[in-house]
Every structure is written in C-alpha cells, then in structure tokens.
Amino acid sequence: MLARYKWAERATAKIRFRPDREAVARELLEHIQDLLDHYGETGMGEEAAEAAALAAMGDPESIADELGRLHRPWLGYLWRVSQGLLLAAIGVCLVLCAIRVFSSPRLYHLPGWEVYDRLTWRAEAVIGEDRLTVEEIIDADPQRPDLHGRLYHPCGARRPAPRGWPGAGSTLVDSDPVSPHRCWLAGRGAVLGAERHRGGPGQRR
Amino acid sequence: MAKKEPASVSMLVLALLKGREMYGYQIIEELDKRSEHVFQMKEGTLYPVLHGLEKERLVTAREAVTEKGRTRRYYTITEKGLRVLDEKEKEWRTFSTAVTAILAGA
C-alpha cells in the first residue's frame, strides 16, 4: 500500500462509522494529492514528494484523536437502522403480497368466476347481460361453493338463479341510489358488486 | 503555525470562508498567502477544525467533482458562522488592544 493510503487510514482510524471514515479518508487523500501536484511541479521525485506531503500533513495519530472525537457514530448508526427497518418493511409487504397472490385457493375454485387481478383478487362472473364483480371476499369455501338458492339480482329483481350461476345464494344488501343499475349482494363467501351490463370486455355467454 | 488556541484557528478559517467557499487545500494556501507565510499549520490538522465547525453548523459542506475528475469538498460559512465570527473578531480586537497597551508600557 502506498504511504499516503496508510497515512489516511491511520488518520481516520478512530472514526467508527465506516461511511464517515471513508469519506474523510477521501478528503484527506485529495489534499495529499494537491500537495503531490505542488511538489511535482517543483521537480521533486515521486517518493520524495510523497514523503514531503505526508510530513506537511502532520501526525496522523493526533489528527485521528480529534476526528474520532468529532465523528460520533450514533447518527450514522441510526440512519443505518432506519434503512434496515425500511427494507424489512418492504420485504414483509412483498412476502404478504406473494402469499396473497400465490396461495389464494378461493375464487379460483368457484366455477364461473374469472379472476383478473391476482393481487387484489378482483374477479367477475358474467352471465347473460349481467356481470358480478367481487367487492370483498369474506370467507369463501373452495370445497363447498354454495351455488343453490335464489338470486336477488339485478338490484332487487328477484329471480331464480340458473343452475351453476356463480352468484346464486346471494342476497341484496344495498343498491346504488345514483346508478340504479349497480347494487351489492352478499353471498356465500363474498360481497358482490353487481352491475347490469350489456356487452363490454370479459363478457361470456 | 505558532502556538495558537484552536478557537483562533477556527476564527481564521471562518474569516477566510467569509469571502467565498473553499476546499481544504485552498484554505491552507490562502492562509499562507494572506498571513505572508506567518501562519503555517500542519495541513492535516485543518480537517478536525473544519469538521468541528461543520458540526457546530458554522459552515456547511458540499462535494463537487472537478473537470479533472477530482472530488472537492467545498466549505461555506453559514449565517450562524458569520455571527460567531463577528463576536470572535470583537473579542480578538479587545484582546489585541490590551496586549498592545501592556507591551507599550513595558
């Protein structure tokens, strides 16, 4: 190692927080380089110039004492800890999202439903002119999807549920006063947003 | 440099930074030039002084890369630094006047 790097290492040895230590060492080495440039211009040889530059810089141990006293590491460590906590929080979110996306057995198993957003479990079923959209899944039972009973849909118009209708067994819980073609149904395992729909993407017959 | 209290070195550095922002090597050169070679300090000892001033928020620092690819750390005096410098200047003038008066009577 060149003498100047050893000098900088010794002068910064008592700065405990590594990023600070490296930054201060860089600053000192830049200063030494300025001195080397200056001595080089006077025609001094490289080794002699380095020796003169380090002599001009002074005693690295006494500088290390002063720098070590000034650069307390707790702020740096606090910064590092906060970064770690942020990364941990991001990691936990990613894991939770992955669990949600890859381990949901529920709507995939209900016949007639098409999941179009695996992250939010947005799913819809289209039958005839009607389209049902999942607003909130409560407790879907993939083993026993209850598709029997009567369908209160659309928007309170009671009618028998066709065999295999994915929203069968639902009851009307609310309707939208502004858009009367929209309403919400509570069915087995899910609250469903129902929308009377003619044509449009995703429609199946 | 002749034996001086650290506070005096701080005052000199603040006074030099009052005119413009400078990096360490520039400060040493300027100190040498303006004092007509009277103040010659071990150059590495400037950095504890600068970092101490920065910690007390009397100066701020910014890094800039030169055209030659060198990274310079420029120091600038703050408003607080200017106020402290003003106080130190007054103290120094009082001290200097007193010493001069005593020497004149010796």
Side-chain angles (χ1 to χ4, degrees), chain A residues 2-17 19-42 49-76 78-79, chain B residues 1-10 12-14 16-17 21-33 35 37-76 81:
Chain A
L2 289 170
R4 75 192 78 156
Y5 294 105
K6 278 186 186 169
W7 188 95
E9 194 177 288
R10 286 166 64 194
T12 56
K14 292 185 180 172
I15 301 174
R16 280 177 285 172
F17 189 55
D20 277 4
R21 187 166 65 241
E22 290 172 351
V24 176
R26 277 197 303 274
E27 187 177 25
L28 292 170
L29 284 167
E30 286 292 339
H31 192 113
I32 293 169
Q33 186 60 52
D34 283 324
L35 284 168
L36 290 173
D37 292 345
H38 168 72
Y39 291 127
E41 284 168 11
T42 65
E50 187 167 55
L54 298 186
M57 289 298 284
D59 174 32
E61 268 70 36
S62 62
I63 293 168
D65 288 339
E66 288 296 307
L67 289 174
R69 188 178 56 79
L70 285 165
H71 289 267
R72 299 287 182 200
W74 68 270
L75 258 180
L78 190 67
W79 170 240
Chain B
M1 179 191 288
K3 184 73 176 170
K4 306 290 286 183
E5 292 298 316
S8 300
V9 180
S10 302
L12 294 175
V13 170
L14 287 174
L16 291 174
L17 292 174
E21 66 170 12
M22 280 190 266
Y23 56 90
Y25 188 76
Q26 270 184 316
I27 293 171
I28 294 286
E29 277 192 322
E30 195 68 16
L31 192 63
D32 185 49
K33 193 174 92 181
S35 71
H37 314 299
V38 171
F39 293 121
Q40 291 177 341
M41 62 196 294
K42 287 294 182 187
E43 303 191 12
T45 60
L46 172 68
Y47 290 92
V49 174
L50 283 171
H51 294 190
L53 292 172
E54 189 181 5
K55 193 176 178 184
E56 291 176 45
R57 300 179 191 279
L58 302 182
V59 301
T60 56
R62 70 171 182 94
E63 281 193 356
V65 180
T66 66
E67 288 176 2
K68 293 179 180 175
R70 302 279 300 277
T71 304
R72 303 288 194 196
R73 196 156 195 265
Y74 288 92
Y75 293 88
T76 309

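A note on names: the letters A, B, ... follow the listed sequences, proteins ahead of strands, and every chain is numbered from 1. All values derive from a computational prediction rather than experimental measurement.
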Side chain, backbone, both or neither: which part of A:Leu35 has a non-hydrogen atom closer than 4.5 Å to chain B?
both
Can you check whether chain A and chain B share any donor-acceptor pairs under 3.5 Å, and give the atom names and distances if they do?
unit_1  : atom_1 : unit_2  : atom_2 : d
B:Lys42 : NZ     : A:Ala55 : O      : 3.0
B:Glu43 : N      : A:Ala56 : O      : 2.8
B:Glu43 : OE1    : A:His31 : NE2    : 2.6
B:Gly44 : N      : A:Met57 : O      : 2.8
B:Tyr47 : OH     : A:His31 : ND1    : 2.5
B:His51 : ND1    : A:His71 : NE2    : 2.9
B:His51 : NE2    : A:Glu27 : OE1    : 2.9
B:Lys55 : NZ     : A:Leu70 : O      : 3.1
B:Arg70 : NE     : A:Glu30 : OE1    : 2.4
B:Arg70 : NH1    : A:Asp37 : OD2    : 3.3
B:Arg70 : NH2    : A:Glu30 : O      : 3.0
B:Arg70 : NH2    : A:Glu30 : OE1    : 3.0
B:Arg70 : NH2    : A:Asp34 : OD1    : 3.1
B:Arg72 : NH1    : A:Asp34 : OD1    : 3.1
B:Arg72 : NH1    : A:Asp34 : OD2    : 2.6
B:Arg72 : NH2    : A:Asp34 : OD1    : 3.1
B:Tyr75 : OH     : A:Glu27 : OE1    : 3.3
B:Tyr75 : OH     : A:Glu27 : OE2    : 2.6

For A:Ile63, is it the side chain, the backbone, both or neither that has a heavy atom under 4.5 Å from a heavy atom of chain B?
both
Contact class of A:Ala55 relative to chain B, heavy atoms under 4.5 angstrom:
backbone
